[in-house]
Amino acid sequence: MNVEEALKKLDLNMCYQCGTCTGTCPVARVESAFNPRRLIDEARLYGVDHVLNKEELWFCTECFMCMEKCPQKVKITEIILALWEEAVKRGIKIPQKFVGLAKAVASTGISTGAYGGKGTALSGMILKKREKLGLPIPKIKQEVAKDIVESTGVLEILEGKSKEGGE
Amino acid sequence: MKLAFYLGCVIPAKLPNYELSARKVFEKLGVELVDMEDFICCGFPFELFNHETWLKMAAYNLALAEKQGLNIVTLCNGCANSLAHANKLLKEDSKKREEVNEFLKKYGLEFKGTIEVKHFIRVLYEDIGLDKIKENITKELSEFKLATHTGCHVVRPSEYMDSFDNPIKPTKLDELVNITKANNINYLTKNLCCGNTSRGLNDNVSIELLRRKMKDLSKHEVDALVTICPACYLQYEMGQLELKTKFKEVYNVPVVHYPQILGLAMGMSAKEVGLDMNKIKPKKIIEAFK
Ligand code: SF4
Ligand code: SF4
């Protein structure tokens with residue numbers, strides 16, 4: 001399924017431009033350049049290529065508030081996610097955070113970078129602290145995570161080594 | 001009650017105070033947590049840019065718990081969302097299920113769709129119940145002023161989260177705080193997203209969302225802000241430290257995990273619920289529960 005079909009399935013064309021999404025969006029309140037209603041409109045009027053190149057596309061913070069409130073049940077947040085995935089696939093924008101995450105998960109099975117930090121495994125220091133507190137040592141299966149990352153080729157996509165998905 | 005305990009990534013690595021207090025509270029309420037072995041990342045961060053990776057990771061963890069025959073409980077909004085979403089999708093979409101099962105075969109696993117995934121506040125609310133929790137409360141927290149932050153992914157999209165709570169104005173965490181008799185305040189930015197996801201994508205957005213909430217909360221002089229997610233907690237705690245060093249802005253809003261608060265109300269000490277590990281100290285609370 002190409003991205004246009006995917007967006008149709010997420011009810012892109014059901015939007016009647018009421019603006020409820022923008023009115024409810026926390027980011028629109030702090031960044032006037034961001035307007036999910038307009039993003040949805042431009043995606044269908046001018047096509048996917050047009051919106052993929054917009055910097056504002058990346059302003060969404062994935063709170064799902066717009067999607068919850070949309071009277072037309074347009075899957076707005078999921079549309080934005082599908083556009084992010086497409087932009088990454090085409091190499092238009094590859095946030096470093098994603099690269100770090102995929103590498104960390106492949107090499108350790110987990111990622112601890114929720115606060116923009118480096119994705120590291122459970123270090124000796126952490127394990128010692130856990131022991132002191134009487135917390136068990138987590139058993140993580142790194143090989144499976146590596147397997148998954150390899151099977152989907154997500155690292156190659158992030159490193160621009162895959163042409164998959166390009167139109 | 002016996003549950004498969006899915007720890008996720010951030011909690012075991014960074015938030016022993018959360019894990020410690022949650023384990024103690026569950027123990028006291030008679031819930032047996034069986035730590036999931038051989039787990040991996042829940043896949044949540046991959047949902048942002050690679051659905052296939054997300055779904056495979058989530059499915060693997062789900063199938064692990066299915067093999068144990070246990071429902072999953074997690075302390076993280078992101079893990080709860082990722083696993084519950086994948087669980088629903090795979091239960092409904094036989095084609096996706098077949099694809100995933102083809103992949104899981106080599107680990108001797110299969111997604112069958114026999115279990116449920118719940119965030120721990122849902123377990124507390126639905127499976128244990130406010131009445132039973134109340135029976136265990138021995139100390140009222142009426143002298144403390146608290147504010148709650150439920151966060152986004154534990155309630156939205158409501159479609160994946162079984163409409164457990166009101167998705168626009170959630171109330172379940174408030175009910176859980178209110179049984180401790182704490183003075184739980186209402187505030188303007190209560191339902192504002194923490195903005196953690198925007199870290200590394202648009203730091204301005206992330207910081208501005210954080211700042212709005214902190215500005216609002218500092219007016220109320222709360223003894224602590226109560227969270228139920230590692231990402232929200234870190235955004236507010238580490239974020240305030242960042243605002244201080246980068247912008248010389250000081251708000252001093254202590255952030256605590258809900259089971260720390262509940263633990264205190266159940267008679268535990270500040271140390272027992274790991275409050276000494278919180279970076280912005282809820283001084284008044286620590287003092288009272290020495
Ligand atoms: S809320 Fe829904 S229908 Fe209204 S503008 Fe936004 S996407 Fe369109
Ligand atoms: S999901 Fe994104 S677009 Fe929708 S309300 Fe939240 S930040 Fe705004």
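Per chain, numbering begins at 1; letters A, B, ... match sequence-line order. Heavy atoms only: backbone and side chains are in, while hydrogens, waters and symmetry mates are out.
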Please state whether the side chain, the backbone, both or neither of B:Leu20 comes within less than 4.5 Å of a heavy atom of chain A. both

Taking atom types as modelled and ignoring hydrogens, do the side chains of B:Lys56 and A:Thr152 form a donor-acceptor contact shorter than 3.5 angstrom? no

For B:Ser82 and B:Glu47, test the side chains for any donor-to-acceptor distance below 3.5 angstrom and give the result as yes or no. no

Among A:Glu55, A:Met125, A:Lys69, which residue has the highest count of heavy-atom pairs closer than 4.5 Å to chain B? A:Lys69

Could you check which of B:Cys193, B:Pro12, B:Pro16, B:Cys152 has the highest count of heavy-atom pairs closer than 4.5 Å to chain A? B:Pro12

Quick one: what part of A:Val105 sits under 4.5 Å from any heavy atom of chain B, side chain, backbone, both or neither? side chain

Should the ring pair B:Phe44 and B:His153 be called parallel, tilted or perpendicular, given that the plane angle runs from 0 to 90° and is split at 30 and 60? perpendicular

Between A:Leu133, A:Val149, A:Ile94, A:Val88, which has the largest tally of heavy atom pairs under 4.5 Å with chain B? A:Leu133

Less than 3.5 Å apart, any donor N or O on the side chain of A:Asp147 or B:Tyr107 sitting next to an acceptor on the other? yes

Can you tell me which portion of A:Met67 sits under 4.5 Å from chain B's heavy atoms? Options are side chain, backbone, both or neither. side chain

Distance flag, aromatic centroids of B:Phe49 and B:Phe46, threshold under 6.0 Å: yes

Going by distance alone, is a donor N or O of one side chain under 3.5 Å from an acceptor N or O of the other, for A:Tyr46 and A:Glu42? no

Answer with side chain, backbone, both or neither: which region of B:Asn204 has an atom nearer than 4.5 Å to a non-hydrogen atom of chain A? side chain

Parallel, tilted or perpendicular: which one describes the rings of B:Trp54 and B:His51, with boundaries at 30° and 60°? perpendicular

Among A:Arg130, A:Gln96, A:Glu78, A:Lys129, who wins on heavy-atom pairs under 4.5 Å with chain B? A:Arg130

Which of parallel (below 30°), tilted (30 to 60°) and perpendicular (above 60°) describes A:Phe34 and A:Phe59? tilted

Atom group of B:Arg211 that falls short of 4.5 Å from chain A, counting heavy atoms: neither

Answer with side chain, backbone, both or neither: which region of B:Asp35 has an atom nearer than 4.5 Å to a non-hydrogen atom of chain A? side chain

Max heavy-atom pair count under 4.5 Å with chain A, selected residue of B:Glu159, B:Glu208, B:Met36, B:Glu37: B:Glu37

Passes side-chain contact (heavy atoms from CB on, under 4.5 Å), B:Val155 versus B:Asn166? Steps please. CA-CA 7 Å; B:Val155 291; B:Asn166 182 323; over 6 Å; no

Tell me, for A:Ala87 versus chain B, whether the close heavy atoms (under 4.5 Å) come from the side chain, the backbone, both or neither. neither

So which part of B:Leu48 gets closer than 4.5 Å to some heavy atom of chain A, the side chain, the backbone, both or neither? both

Below 4.5 Å, heavy-atom pairs only: which of B:Pro157, B:Cys41, B:Pro167 has the largest tally toward chain A? B:Pro157

Would you call the rings of B:Phe26 and B:Phe120 parallel, tilted or perpendicular, taking 30° and 60° as the class edges? perpendicular

Name the option with the most non-hydrogen atom pairs under 4.5 Å to chain B; the candidates are A:Leu127, A:Val27, A:Leu101. A:Leu101

Top of A:Ile148, A:Ile80, A:Leu81, A:Ile140 for chain B proximity - count of heavy-atom pairs under 4.5 angstrom: A:Ile148

Roughly how far apart are B:Tyr6 OH and B:Cys76 SG, rounded to 0.5 Å? 8.5 Å

Chain B: which of A:Gly109, A:Cys63, A:Pro26 shares the most heavy-atom pairs with it under 4.5 Å? A:Cys63

Checking B:Tyr160 against chain A: side chain, backbone, both or neither under 4.5 Å from a heavy atom? side chain

